[in-house]
Structure formats: structure tokens, C-alpha cells
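Counting starts at 1 for both ligands and their atoms, in listed order.
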Amino acid sequence: MAGRTPRAAGLEPGPAVPAQVSYALVSRAAQAQALDILGGFHPETDEKQLEGFGTVLLLGPREPGFWGSFTQSREYRDGTPNPMDRWSARVLTGLAVAFNAQPFFPFGGPPYRPFYQWALRTGRCHPSPISLLVHDNAGLFVSFRGALALQQRLDLPPAPPNPCSACTRKPCQSACPVSAFENGTYAVNKCQAYLAQPQGAACMSQGCAARRACPVSATYGRVAAQSALHMQAFLTNGA
Ligand code: SF4
Ligand code: SF4
């Protein structure tokens, strides 16, 4: 198996691994931590960095409710940097220990894990008309707090249709005040220059207008305070 399991890595042992690990069981455990499984896939048997794993599950905020749960955490309250990444590392590692899985994170590299490609492989994320990933439930607010690679090959629920197929108006394409997506790619410099000005206050405090314009994002339940945290990190760190 590529990579070390949490036990091999010397992490705290969790409760005994349930004999019958299932998608529903992992989903319930994730939900108890204000997370949802946003998709999963089965790695190829000869896939180098996932060799020996039968299933990869991608986890992200469960809405509504994620922000209220996260802001009660010690990571949010201790006043030190990167609270959400530190929270993710603790919570995902705990879930990994419980299911004898390997956690992977979209931060903290190198090595950097191919979360974008993994998301596409779940069939639940798609490239939107503005190039950002769109998810059937989270819309353009899709984000991953980590992934669990399990040894078992779990049955995965079928993926819902791509929401963009039925979206005739495609408001994501015209919502950005500086047309940062006008060529079908994301002009990051143009966006950040706008955010640094007073006119960018709405995006900074409520989240990206293009992401908010998506009707799927609008029903996801992401609160503005969480978007503001991400926007500040994006403007400060470029990520
Ligand atoms: S606004 Fe419509 S086209 Fe754009 S990402 Fe959302 S569902 Fe897809
Ligand atoms: S954050 Fe605002 S300026 Fe940047 S891409 Fe989104 S809508 Fe455009």
C-alpha cells in the first residue's frame, strides 16, 4: 500500500474498525463532524499513489451547519493561523483512524494531491462554464477538507446529473464585476486587484459574486462568514 496508514504513522488509535465498513457508515461518521461525502471513486489497481486502496472518498463541509460547528472548535478559537486547515487535519485524521484509512489533504504539500482530478473522477463535480468546479449539491461553493482512502471497495451511490446541463441562464458567466472569467479561464490577478480595492468589499465579505450567482450554490447553505474567511486567505496567500 502506498503511503502509511494512520496506525503506521504513529497516530492515536481510534475505536475498533467496524467489521462491515460501508458508504453509509462513513457518511454518518462524517456528518457527526459537520462533513459530507461529496463524492467517491475507485482507484485503478496499478495507480501509484493509491495502490492498495479500494475507495477514495472526498469530504467537504456539510451545509447548513458547518460554520456553526467549526466556530466552536479549539482551532477556530485559539487565535493562531490556518484554523480550518488545522481543524481539517485533526478531524479527518480521526475519521481515518476510525476506519483504518489513509487521510489526504488539499493543503500542506508538497506532495500536492490531485484533488481537482479526483473530484472529476467522482462524477459529482464538473468543470463549469467559468472553469471552476461545480458540484451537484454544493454548486460553485464546493470545497474539500480532505479525502479518505479506504482499503475496502465500497458501493458508491450513482452521481446526480451535471447541474449546468439544465441551467439555461448560466448566471455564473456574467456575475463577476471585472469579468474575470470572460475567456473561460480564471484571471486570478484581475480578481485579486479588484478585491484589494474598496469596490471589492462585497466579494470579500460575502464571497465571490460568480459563485454566489449559481442557483445550486444559493441553496447550499454556505454562510457569508465562512466565505469571508476563505476570501481573506485567498487575498493574503493567493490560495
Ligand atoms: S450558474 Fe448554472 S452554468 Fe453556472 S455553474 Fe451554476 S449551474 Fe452551472
Ligand atoms: S471574487 Fe469577485 S472579482 Fe473575484 S472572480 Fe469572484 S466575482 Fe470576480
Side-chain angles (χ1 to χ4, degrees), residues 36-41 58-67 70 81-85 88 106-107 114-145 157-239:
D36 258 339
I37 300 173
L38 299 183
F41 66 94
L58 304 188
L59 275 66
R62 176 174 176 76
E63 302 292 6
F66 175 80
W67 184 253
F70 167 68
N82 304 317
M84 196 166 287
D85 288 354
S88 304
F107 51 83
F115 269 77
Y116 186 93
Q117 285 76 20
W118 287 355
L120 294 177
R121 290 173 70 180
T122 69
R124 295 191 58 187
C125 290
H126 312 271
S128 71
I130 57 172
S131 78
L132 305 178
L133 278 179
V134 61
H135 180 265
D136 59 73
N137 183 51
L140 291 170
F141 277 139
V142 63
S143 66
F144 302 106
R145 298 322 314 157
N162 180 345
C164 301
S165 303
C167 181
T168 49
R169 279 197 314 114
K170 300 196 183 333
C172 59
Q173 291 181 302
S174 54
C176 175
V178 290
S179 302
F181 303 103
E182 64 182 343
N183 297 320
T185 56
Y186 181 21
V188 175
N189 292 347
K190 204 171 178 178
C191 168
Q192 288 184 319
Y194 178 75
L195 295 178
Q197 299 170 17
Q199 299 93 309
C203 287
M204 286 299 293
S205 61
Q206 299 167 42
C208 170
R211 293 182 192 267
R212 283 186 279 126
C214 171
V216 186
S217 308
T219 59
Y220 179 47
R222 159 82 73 89
V223 301
Q226 185 183 342
S227 292
L229 181 84
H230 290 302
M231 294 303 290
Q232 191 58 55
F234 171 64
L235 190 57
T236 306
N237 308 322

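At a cut-off of 3.5 Å, with distance as the only test, no side-chain donor of R222 or S217 sits close to an acceptor on the other residue.
By the 30° and 60° cut-offs, the orientation of the rings of F70 relative to F66 is parallel. Taking the six-membered ring where tryptophan is involved, the planes of F41 and W118 are tilted, since the angle between them lies from 30° to 60°.
Residue P215 approaches ligand 1 through these ligand atoms, each under 4.0 Å from one of its heavy atoms: 1 (S). Less than 4.0 angstrom separates some heavy atom of F181 from each of these atoms of ligand 2: 5 (S).
If you look at atom 4 (Fe) of ligand 1, the protein N, O or S atoms less than 2.8 Å from it are C172 SG. Take a cut-off of 2.8 Å around atom 2 (Fe) of ligand 2: the protein N, O or S atoms inside it are C203 SG.
Y220 OH to N137 CG: the interatomic distance, rounded to the nearest 0.5 Å, is 7.0 Å.
In plain terms, the two heavy atoms of H135 and L38 that are nearest each other are NE2-O, 2.8 Å.
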Under 3.5 Å, side-chain donor or acceptor atoms of residues 173-180 against the rest of the protein: list the pairs with distances, not counting sequence neighbours.
none

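At a heavy-atom cutoff of 4.0 Å, ligand 2 is contacted by the side chain of M231 but not by its backbone.
Distance alone, capped at 3.5 Å, is enough to place a donor-acceptor pair between the N162 side chain and the C164 backbone.
Remark: A119 engages L58, C125, L133, F144 in a side chain to side chain contact (heavy atoms under 4.5 Å, CB included) (not counting sequence neighbours).
At a threshold of 4.5 Å between non-hydrogen side-chain atoms, the residues F107 and R145 count as touching. I37 places a side-chain heavy atom less than 4.5 Å from the side chain of L59.
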Give the intermediate values and the outcome of side-chain contact (heavy atoms from CB on, under 4.5 Å) for residues F181 and C172. CA-CA 9 Å; F181 303 103; C172 59; over 6 Å; no

